[in-house]
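The block underneath contains the structure these notes are about, expressed in structure tokens.
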Amino acid sequence: MRQSILPREFYFRDTVTVARELLGKRLVRVLDGAVLSGVISETEAYGHADDPASHAHRRRTGRNAAMFGQAGRAYVYFTYGMHHCFNVVARPPDVAAGAVLIRGMVPDEGIDMMVRNRGRDSNISDGPAKLAQAMCITREQYGEDLTTYGGIHIEDSPGMAAGSIRASPRVGVRDARPWNFTF
DNA sequence: GGCGCGATTCCCT
DNA sequence: GGGAATCGCGCCC
């Protein structure tokens with residue numbers, strides 16, 4: 001039985017809070033009626049002008065426009081000439097931009113299809129680009145609404161107790177803020 | 001209009 | 001632990 005989809009209000013809050021609360025939630029991809037899903041295990045928060053590591057640190061551009069858009073939509077970027085990374089737009093109403101990078105999940109439904117998408121049977125969703133590849137997320141999902149059923153959405157779950165969440169410095173950026181979350 | 005590099009991954013030593 | 005793959009974007013000339 002499917003759980004309820006997280007509503008837009010969930011994402012219209014402080015980006016770091018949303019990053020913490022996404023741990024344990026279920027990321028679901030519906031492809032031609034098939035369901036792929038996994039439990040989110042690693043997230044990272046990215047802010048606006050005060051966050052030099054964020055794509056939205058400087059002005060709004062064609063690439064980062066989604067980070068300035070409606071909370072609860074997808075921000076997908078292409079990097080290193082070959083990888084896609086999937087983010088959820090999350091920000092309080094008084095902050096212009098923000099997003100949560102989904103860096104890892106524990107695969108559950110549709111594992112066979114994820115294995116085919118990845119071309120290997122281990123380490124299929126334990127990194128941002130691996131997860132995007134396993135879930136068939138590309139530029140085509142840029143700006144997609146995550147609060148409706150039929151493409152990508154995130155389902156509610158009890159989430160993680162605050163005491164079991166570990167905060168670490170974000171991966172691959174020169175900034176000491178402990179905005180990487182795992183459990 | 002050109003140049004440098006990245007919120008990464010994989011494979012080899 | 002180190003280097004290659006590979007290209008769109010952002011910034012500067």
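In what follows, chains carry the letters A, B, and so on, assigned in the order in which the sequence lines appear, proteins first and then strands, with residues in each chain numbered from 1. Computed from a prediction, not measured in an experiment: that's the story for all the values here.
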Quiz item: Do D51(A) and S54(A) have a side chain donor and acceptor closer than 3.5 Å?
Solution: no
Quiz item: Which dot-bracket string describes DNA chain B (Watson-Crick N1-N3 plus N6-O4 or O6-N4, or G-U N1-O2 and O6-N3, all under 3.5 Å; [ ] crossing; | other strand)?
Solution: ||||||.|||||.
Quiz item: What is the distance from NZ of K130(A) to P of dC11(B), rounded to the nearest Å?
Solution: 10 Å
Practice problem: Kindly indicate whether the side chain of L22(A), heavy atoms from C-beta on, has any atom under 4.5 Å from the side chain of I102(A). | Solution: yes
Exercise. Report yes or no: do I165(A) and V16(A) belong to one cluster of Ile/Leu/Val/Met/Phe/Trp/Tyr joined by side chain heavy-atom distances under 4.5 Å?
Key: yes
Exercise. Would you kindly compare T79(A) and D126(A) by the position of their nearest DNA chain B nucleotide and give the one closer to the 5′ end?
Key: T79(A)
Quiz item: With respect to the phosphate group of dC5(B), does any side-chain polar atom (N or O) of R174(A) fall under 4.0 Å of OP1 or OP2?
Solution: no
Quiz item: Taking the side chain of T61(A) as heavy atoms from C-beta outward, which of dA7(B), dA5(C), dG10(C) is closest to it?
Solution: dG10(C)
Quiz item: Got a donor-acceptor pair under 3.5 Å from the side chain of Y80(A) to the base of dA5(C)?
Solution: no
Practice problem: If the plane angle is over 60° it's perpendicular, under 30° parallel, otherwise tilted; pick one for Y142(A) and Y75(A). | Solution: perpendicular
Exercise. Indicate the ring-plane relationship of Y149(A) and H153(A), choosing parallel, tilted or perpendicular according to the 30° and 60° boundaries.
Key: tilted
Quiz item: How is A53(A) classified with respect to the nucleic acid when contacts are heavy atoms under 4.0 Å: base, sugar-phosphate, or nothing?
Solution: base
Quiz item: Would you say the ring centroid of Y77(A) lies under 6.0 angstrom from that of H55(A)?
Solution: yes
Quiz item: Among dT6(C), dA7(B), dC11(B), which is the nearest nucleotide to the side chain of M67(A)?
Solution: dA7(B)
Quiz item: Do F68(A) and H48(A) come close enough that some side-chain heavy atom pair is under 4.5 Å?
Solution: yes
Practice problem: Look at the side chain of V173(A) and decide which nucleotide, out of dG8(C), dG6(B), dA7(B), has an atom nearest to it. | Solution: dA7(B)
Exercise. Check the distance between dA7(B)'s P and F181(A)'s CZ and give it to me in whole angstrom.
Key: 18 Å
Practice problem: Between dC11(C), dA7(B), dC10(B), spot the one nearest the side chain of R58(A), thanks. | Solution: dC11(C)
Quiz prompt | L6(A) side chain near K25(A) side chain, heavy-atom distance below 4.5 Å | solution = yes
Quiz prompt | Closest to side chain of M82(A), choosing from dT6(C), dA7(B), dT9(B) | solution = dT6(C)
Quiz item: Is R63(A) touching bases, backbone alone, or none of the nucleic acid, heavy atoms closer than 4.0 Å?
Solution: sugar-phosphate
Exercise. Using only heavy-atom distances, determine whether the side chains of R91(A) and T15(A) contain a donor-acceptor pair under 3.5 Å.
Key: no
Quiz item: In terms of side-chain heavy atoms of R120(A), which of dC11(B), dT8(B), dA7(B) is nearest?
Solution: dC11(B)
Quiz item: To the nearest Å, how far apart are L131(A) CG and dA7(B) C1'?
Solution: 14 Å
Quiz item: Which whole-number value in Å describes the distance from N123(A) CG to dC10(B) C1'?
Solution: 11 Å
Quiz item: Can you list, by residue number, the residues of residues 83-112 of chain A that have a non-hydrogen atom closer than 4.0 angstrom to DNA chain C?
Solution: none
Quiz item: Rounded to the nearest Å, what distance is computed from the NE2 atom of residue H57(A) to the P atom of nucleotide dG6(B)?
Solution: 15 Å
Exercise. State whether the aromatic ring of F78(A) stacks on the base of dG8(C), taking stacking to mean ring centres under 5.5 Å apart and ring planes under 30° to each other.
Key: no
Exercise. For D175(A) and dG6(B), give me the distance from atom CG to atom C1', rounded to whole Å.
Key: 16 Å
Quiz item: Would you say the side-chain atoms of N117(A) pair up with the backbone N or O of A134(A), donor to acceptor, closer than 3.5 Å?
Solution: yes
Exercise. Write down the distance separating the C1' atoms in dG3(C) and dC5(B), rounded off to the nearest Å.
Key: 16 Å
Practice problem: Please determine if a side-chain N or O atom of R118(A) lies less than 4.0 Å away from the OP1 or OP2 oxygen of dC10(B). | Solution: yes
